[in-house]
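Notes follow once the structure below has been shown.
In the text below, chain A, chain B and the rest are named by the order of the sequence lines, each starting its count at 1. Computation of the quantities below employed the complete heavy-atom set of this structure, encompassing side-chain atoms and omitting hydrogens, waters and symmetry-equivalent molecules. Note that the structure is a prediction, hence the values are computed from the model and not measured.
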There are 2 protein chains.
Amino acid sequence: MPKNCNFIEKLREVGLRPTKQRVNMCEVLFNREKTFHFTINDLVKMISEKMNQKISLATVYNTVHAFEKKGYLKEISIDSHKSYFDTNTSAHHHFFDEDTNELIDCDENDIDPVNIKKNITGKKINSVEVLIKVASDNQNQK
Amino acid sequence: MPKNCNFIEKLREVGLRPTKQRVNMCEVLFNREKTFHFTINDLVKMISEKMNQKISLATVYNTVHAFEKKGYLKEISIDSHKSYFDTNTSAHHHFFDEDTNELIDCDENDIDPVNIKKNITGKKINSVEVLIKVASDNQNQK
DNA sequence: CAATAGTTTAGAATTATTATAATGTAGTTT
DNA sequence: AAACTACATTATAATAATTCTAAACTATTG
Ligand SMILES: [Mn+2]
Ligand SMILES: [Mn+2]
Ligand SMILES: [Zn+2]
Ligand SMILES: [Zn+2]
């Protein structure tokens, strides 16, 4: 979803009714220069701040999952206990900064493609994701 | 933790009191040929079946996290919503079978080492984990 | 064997997520 | 444009996973 586009049309194209809530969520999520990572709680805050309008938590969950199913969002799993979503839906890998709990995209130059030599028999590979956990270089052993 | 070893000593070595519950959990987790993956619920069932003895859920959580901190267990994160633990604490990667929800270790021969060319400045890499999601090869698109 | 610090426990609390069912709205039909 | 219908939103309740609490218990130390 590029910027400045008509979200109403985009929603209709994939069979989602362009409701006020969904269009607002599109604005918050996709009307920006760069992709980003967020939790559901982040998003609820962003919506109520940017749109200055209340939205039901259930709607945020429903809509995020609808967008995920349509390929507009990807879910990223870190440490269990917390679900991150990503507006960058291309296949890519992540650094996770354990100091700040921040999820950071790997650039193509940061990591060589993963070479899988042998797959499970009779199965198809749906995704390959690398998660690199990093933390402060200091004496903080743990 | 190799098989047939004295779990009481092992526990003491790392400063954990060898209580009945902890020794029982060691038996269930480590007194076997192969490493394996489990959820907390799996483990509670395994303990009450194998040991024929009740154990508090809180104790299972406490003990699993104590073992994790001591490096006897690793936590593996799949899809959020579910935490798996691994008695194989060496650095290794996983297949996740989305049909059966089964976590499977990658063999060394299954995948080439991940080559990270550029890390985040000022950070140390704590872990690199690859998760390969697979599913039935049939027409089941999704 | 008494003292102490650490452990276990049942149950309550918390958190994230999903379900429910009443109300509202977009798209379509008259 | 009123009516109709299917889908969406909402507040709230329900569920599930995990953690907290505080009392009872136990391994270790002196
Ligand atoms: Mn955990
Ligand atoms: Mn999810
Ligand atoms: Zn990303
Ligand atoms: Zn494993």
Side-chain angles (χ1 to χ4, degrees), chain A residues 6-29 37-48 51-70 72-73 75-85 101 103, chain B residues 6-28 37-48 51 53-70 72-73 75-85 101 103:
Chain A
N6 184 343
F7 292 120
I8 293 178
E9 279 317 310
K10 288 280 171 197
L11 287 167
R12 254 197 270 267
E13 275 167 23
V14 296
L16 292 174
R17 287 191 178 170
T19 63
K20 183 163 55 91
Q21 290 83 349
R22 284 174 179 167
V23 175
N24 281 350
M25 278 186 58
C26 282
E27 299 281 346
V28 170
L29 290 173
H37 307 103
F38 63 91
T39 66
I40 295 284
N41 275 347
D42 295 339
L43 184 55
V44 169
K45 269 179 217 146
M46 292 171 72
I47 294 169
S48 56
M51 298 283 113
N52 217 59
Q53 183 159 334
K54 187 187 184 329
I55 189 169
S56 163
L57 183 60
T59 302
V60 177
Y61 273 103
N62 289 341
T63 307
V64 162
H65 285 132
F67 286 178
E68 187 188 6
K69 196 177 301 174
K70 297 303 180 184
Y72 291 162
L73 292 174
E75 189 169 7
I76 311 285
S77 148
I78 308 297
D79 226 9
S80 68
H81 317 271
K82 202 151 238 172
S83 218
Y84 286 78
F85 289 87
N101 269 27
L103 197 57
Chain B
N6 184 344
F7 292 122
I8 293 179
E9 278 317 308
K10 288 281 172 198
L11 288 166
R12 252 196 270 268
E13 275 167 23
V14 297
L16 292 174
R17 284 189 181 173
T19 62
K20 183 164 54 94
Q21 290 83 350
R22 284 175 179 164
V23 175
N24 282 350
M25 279 187 57
C26 282
E27 299 282 343
V28 171
H37 306 105
F38 63 91
T39 66
I40 295 284
N41 276 347
D42 294 340
L43 185 55
V44 169
K45 270 179 218 146
M46 292 170 70
I47 294 169
S48 56
M51 297 284 112
Q53 183 157 332
K54 188 186 183 331
I55 189 169
S56 162
L57 183 60
T59 301
V60 177
Y61 274 103
N62 289 342
T63 307
V64 162
H65 285 133
F67 286 178
E68 186 187 8
K69 195 177 302 174
K70 297 303 180 181
Y72 292 163
L73 292 174
E75 189 169 8
I76 311 286
S77 148
I78 308 296
D79 228 7
S80 66
H81 316 271
K82 202 151 237 171
S83 218
Y84 286 78
F85 289 87
N101 268 26
L103 197 57

Could you tell me the separation between the [atom1] atom of [X] and the [atom2] atom of [N], rounded to a whole number of Å?
| X | N | atom1 | atom2 | value |
| --- | --- | --- | --- | --- |
| A/Asp42 | C/dT15 | CG | P | 16 Å |
| A/Glu68 | C/dT18 | CD | C1' | 15 Å |
| B/Glu9 | D/dA27 | CD | P | 15 Å |
| B/Asn62 | C/dG11 | CG | C1' | 14 Å |
| B/Leu43 | D/dA17 | CG | C1' | 15 Å |
| B/Asn24 | D/dA27 | CG | P | 12 Å |
| A/Phe85 | C/dT17 | CZ | P | 7 Å |
| A/Ile55 | D/dA8 | CD1 | P | 14 Å |

Looking at [X], does any N or O in its side chain come under 4.0 Å of the phosphate oxygens OP1/OP2 on [N]?
| X | N | value |
| --- | --- | --- |
| A/Lys54 | D/dT10 | no |
| B/Tyr61 | D/dT18 | yes |
| B/His65 | D/dT18 | no |
| B/Gln21 | D/dT26 | no |
| B/Thr59 | C/dT9 | yes |

(request) Do nucleotides 20-30 of chain C as a string where each nucleotide becomes B, S or -: B if the base has a protein heavy atom under 4.0 Å, S if just the sugar-phosphate does, - if no protein is that close. (result) ------BS---

(request) Give every residue pair that meets the salt bridge (Lys or Arg N to Asp or Glu O under 4.0 Å) criterion with at least one member in residues 16-25 of chain B, sequence neighbours excluded. (result) none

(request) Verify whether one side chain among B/Gln21 and B/Thr63 offers a donor that lies under 3.5 Å from an acceptor in the other. (result) no

(message) Any donor-acceptor pair under 3.5 Å linking the side-chain atoms of A/Ser48 with those of A/Gln53?
(response) no

(request) Could you pick out which residue, B/Gly15 or B/Leu57, lies toward the 5' side of DNA chain C when each is mapped onto its nearest nucleotide? (result) B/Gly15

Under the side chain to side chain contact (heavy atoms under 4.5 Å, CB included) test, residues paired with [X] that sit two or more places apart:
| X | value |
| --- | --- |
| B/Asp42 | B/Phe38, B/Thr39 |
| B/Met46 | B/Val28, B/Arg32, B/Phe36 |
| A/Asn101 | A/Tyr84, A/Phe96 |

(message) Applying salt bridge (Lys or Arg N to Asp or Glu O under 4.0 Å), can you list everything that pairs with A/Glu9, at least two apart in sequence or on another chain?
(response) A/Arg12

